[in-house]
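Just the heavy atoms: all of them, side chains too, but no hydrogens, waters or symmetry mates, feed the values below. Below, chains carry the letters A, B, ... as their sequence lines are ordered, and counting in each starts from 1.
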Protein chains: 2
Amino acid sequence: MDIISVAIVEDNHDIRTAMELLINGSDGYACVGTFNNGETAVEQIPNLLPNVALMDFNLPGGMNGIECIARLKAEHPDMQFMMLTVYEDDDKIFQALEAGASGYILKKTSPGELLEAIRDVHEGGSPMSSQIARRVVAYFQKQAKPNPALEALTSREKEILDQLSKGFLYKEIASNLYISIETVRRHVHNIYEKLHVRSRTDAVNKYYNR
Amino acid sequence: MDIISVAIVEDNHDIRTAMELLINGSDGYACVGTFNNGETAVEQIPNLLPNVALMDFNLPGGMNGIECIARLKAEHPDMQFMMLTVYEDDDKIFQALEAGASGYILKKTSPGELLEAIRDVHEGGSPMSSQIARRVVAYFQKQAKPNPALEALTSREKEILDQLSKGFLYKEIASNLYISIETVRRHVHNIYEKLHVRSRTDAVNKYYNR
DNA sequence: AATTACTTAACACGAAAATGTGATACCAAA
DNA sequence: TTTGGTATCACATTTTCGTGTTAAGTAATT
């Protein structure tokens with residue numbers, strides 16, 4: 001079994017050393033660096049090239065864990081990042097994932113599970129507590145629910161709205177659908193009424209459920 | 001500990017009875033119904049009201065597991081659905097999650113883990129194998145790639161574009177940002193030039209990376 | 001047969017957006 | 001110091017958009 005090299009970015013001294021001891025004390029794991037702030041982490045981690053970096057969210061100085069991941073991931077796409085934090089808010093979770101974190105686990109996770117998660121993320125998995133996973137899943141389900149107001153539109157109106165969303169001028173829509181501009185106007189007017197909006201951008205935003 | 005009632009929708013007879021035996025043979029779990037096709041499942045499950053429904057993907061007849069979930073979830077939002085399948089394709093995973101599945105595990109999962117996953121999904125988690133989770137995470141990272149053209153915008157221009165995307169009139173943007181309409185117009189003009197678009201909607205589409 | 005909903009179309013008015021050009025001021029980098 | 005980028009404001013003109021009103025043909029429903 002190969003040894004997984006790990007870097008730790010965590011401002012709390014006690015937690016940091018505890019994790020370092022855990023990792024260095026476990027077969028198959030080696031802690032190659034610890035950092036208490038984002039700036040030095042971004043500077044030094046490219047020299048260490050750990051397999052996995054554990055990231056806290058809050059860090060002293062201007063850089064938080066998210067930004068730290070984003071910068072390192074951009075230069076080292078193969079490096080695996082795992083958030084290790086106390087936060088369960090949707091915003092922070094999604095930001096971390098977008099920034100390039102592959103795993104997201106809470107600090108209350110047991111040492112054994114932490115080690116397992118490190119191995120998991122190194123082997124191509126995405127360990128996350130099932131509460132975190134539920135947030136992520138909820139995101140998909142939210143995405144999926146189309147605005148019920150759209151159901152009130154006729155199929156022609158949906159077609160027009162789709163054209164609107166693509167930024168076509170009325171004259172272009174008219175030409176695309178082989179109808180007159182006046183008819184386009186009419187449809188648009190009806191669409192706005194049904195969606196309770198007064199502008200194209202608002203209509204498109206409803207179309208995309210924002 | 002409360003007993004978790006489970007329904008199984010699975011066309012393979014051997015797998016179905018094996019799962020039924022597993023569930024009924026374990027403390028804290030009860031299998032209240034098994035179905036070998038989607039139609040009867042959709043018809044009967046509302047009478048059984050199980051806590052958790054396990055769903056296979058492929059089912060005989062016109063209805064697959066995804067559609068089955070979508071229909072039942074619409075009527076019973078509190079019921080928990082878990083896909084139990086052999087498929088690992090992105091499409092099927094995302095479709096299942098959008099339809100309302102909260103968990104997604106593979107059939108190769110061990111009996112012990114399956115029971116654990118059933119409890120997990122019942123308690124508000126979203127159990128999924130970490131390979132599945134990685135697919136989901138990759139979706140976020142893909143989503144995150146901002147249009148590089150946006151980088152050319154100054155911070156003020158991004159601010160204006162954000163206002164544009166929310167559908168504000170020029171006069172409203174001017175008032176929101178404490179500048180004159182003329183300045184708004186100038187910024188918008190520069191934004192359009194940089195993004196190579198000629199309308200608000202096109203600019204907003206680029207902003208949202210479509 | 002009458003009603004309702006959808007699609008099509010036209011005209012007119014005012015508001016808003018887009019285009020084009022010119023100009024001033026600040027700040028930081030060359 | 002000059003240059004370049006950014007932010008600011010102004011004026012004139014044209015185009016597009018949003019709204020109100022009216023109306024005819026079609027298809028489905030009652």
Side-chain angles (χ1 to χ4, degrees), chain A residues 39 42-43 61-63 67 70-71 74 146-210, chain B residues 146-210:
Chain A
E39 285 78 3
V42 166
E43 190 186 321
M63 198 182 301
E67 193 179 338
R71 294 210 188 181
N147 193 320
L150 294 182
E151 302 307 314
L153 300 182
T154 69
S155 62
R156 193 57 156 176
E157 285 165 351
K158 286 179 192 164
E159 207 172 351
I160 301 275
L161 179 52
D162 184 67
Q163 296 270 310
L164 283 178
S165 78
K166 295 189 168 70
F168 290 120
L169 300 177
Y170 286 5
K171 65 163 72 167
E172 293 171 328
I173 297 175
S175 142
N176 291 343
L177 302 184
Y178 305 106
I179 55 179
S180 90
I181 286 192
E182 296 305 324
T183 306
V184 175
R185 288 175 166 301
R186 163 88 295 185
H187 285 308
V188 170
H189 186 258
N190 290 338
I191 290 167
Y192 287 4
E193 248 182 6
K194 288 183 180 175
L195 298 187
H196 307 296
V197 298
R198 327 181 49 78
S199 76
R200 175 196 287 242
T201 306
D202 285 340
V204 172
N205 280 340
K206 286 220 168 181
Y207 184 55
Y208 287 118
N209 202 19
R210 272 194 300 268
Chain B
N147 192 319
L150 293 183
E151 301 306 315
L153 300 182
T154 69
S155 62
R156 192 57 157 177
E157 285 164 351
K158 286 179 194 165
E159 209 171 349
I160 300 275
L161 179 52
D162 183 66
Q163 296 272 309
L164 283 177
S165 77
K166 296 189 168 70
F168 289 120
L169 301 178
Y170 286 8
K171 67 165 72 166
E172 293 171 329
I173 297 174
S175 141
N176 291 343
L177 302 184
Y178 305 105
I179 55 180
S180 88
I181 286 192
E182 297 303 323
T183 306
V184 174
R185 290 184 348 93
R186 162 59 70 185
H187 284 308
V188 171
H189 183 259
N190 291 337
I191 291 168
Y192 286 6
E193 245 180 10
K194 288 183 180 175
L195 299 186
H196 307 295
V197 298
R198 346 183 23 83
S199 75
R200 176 196 284 243
T201 307
D202 284 341
V204 172
N205 280 339
K206 288 223 168 182
Y207 183 57
Y208 286 118
N209 201 21
R210 276 193 300 265

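Residue contacts shown for A:Ser180 are limited to sugar-phosphate atoms, with no base heavy atom under 4.0 Å away. Residue A:Arg200 is in sugar-phosphate contact alone, with no base atom involved, counting any heavy-atom pair closer than 4.0 Å across all strands shown. Looking at heavy-atom distances under 4.0 Å, B:His189 makes no contact with the nucleic acid at all. Using a 4.0 Å heavy-atom distance criterion, B:Arg198 is classed as a sugar-phosphate-only contact.
Rounded to whole Å, atom P of C:dT8 lies 10 Å from atom CD of A:Glu157. Put simply, CG on A:Leu177 is 18 Å from P on C:dC6, counting in whole angstrom units. Summarising the geometry, the separation between CD1 on A:Ile181 and P on C:dA12 is reported as 16 Å, rounded to the nearest angstrom. When rounded to the nearest whole Å, the span between CD of B:Glu193 and C1' of C:dA17 equals 16 Å. In this structure, A:Tyr178 places its OH atom 18 Å from C1' of C:dT7, rounding to the nearest Å. Going from atom CZ of B:Phe168 over to atom C1' of D:dC17 covers 19 Å, rounded to whole Å. Atom CD of A:Glu159 is separated from atom C1' of C:dT8 by 14 Å (rounded to the nearest Å). A:Lys158 has its NZ atom 10 Å from the P atom of C:dT7, to the nearest Å.
Closest to the side chain of A:Thr154, from the set D:dG18, C:dA18, C:dT7, is C:dT7. You'll find that the side chain of A:Ser199 is closest to D:dG18, out of C:dA16, D:dG18, C:dT7. Minimum atom distance to the side chain of A:Leu169 is reached by D:dT16, of the listed C:dA18, C:dA16, D:dT16.
For the OP1/OP2 pair of C:dT8 and a distance below 4.0 Å, the side-chain nitrogens and oxygens of A:Arg156 include at least one atom meeting the criterion. Taking only side-chain nitrogens and oxygens, A:Tyr192 never comes nearer than 4.0 Å to OP1 or OP2 of D:dC17. Look at B:Thr183 and you'll find a side-chain N or O under 4.0 angstrom from OP1 or OP2 of D:dC9.
Both A:Arg186 and A:Glu182 lie near DNA chain C, and the one whose nearest nucleotide falls closer to the 5' end is A:Arg186. Ranked by how close their nearest DNA chain D nucleotide is to the 5' end, B:Ile160 and A:Val188 are led by B:Ile160. Between A:Ile179 and A:Lys194, the one whose closest nucleotide on DNA chain C sits nearer the 5' end is A:Lys194.
Between the side chains of A:Tyr207 and A:Asp162, at least one donor-acceptor pair of N or O atoms lies under 3.5 Å.
Side chain of B:Arg198 to backbone of B:Tyr192: no donor-acceptor contact under 3.5 angstrom is found.
At least one side-chain heavy atom of B:Arg156 sits less than 4.5 Å from a side-chain heavy atom of B:Leu177. Looking at heavy atoms from C-beta onward, B:Arg200 lies in side-chain contact with B:Tyr170 at the 4.5 angstrom threshold.
For B:Phe168 against B:Ile173, the heavy-atom pair with the smallest separation is CB-CG1, 3.6 Å.
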Criterion side chain to side chain contact (heavy atoms under 4.5 Å, CB included) on B:Leu161 and B:Leu150, from CA distance to verdict = CA-CA 10 Å; B:Leu161 179 52; B:Leu150 293 183; 3.8 Å; yes
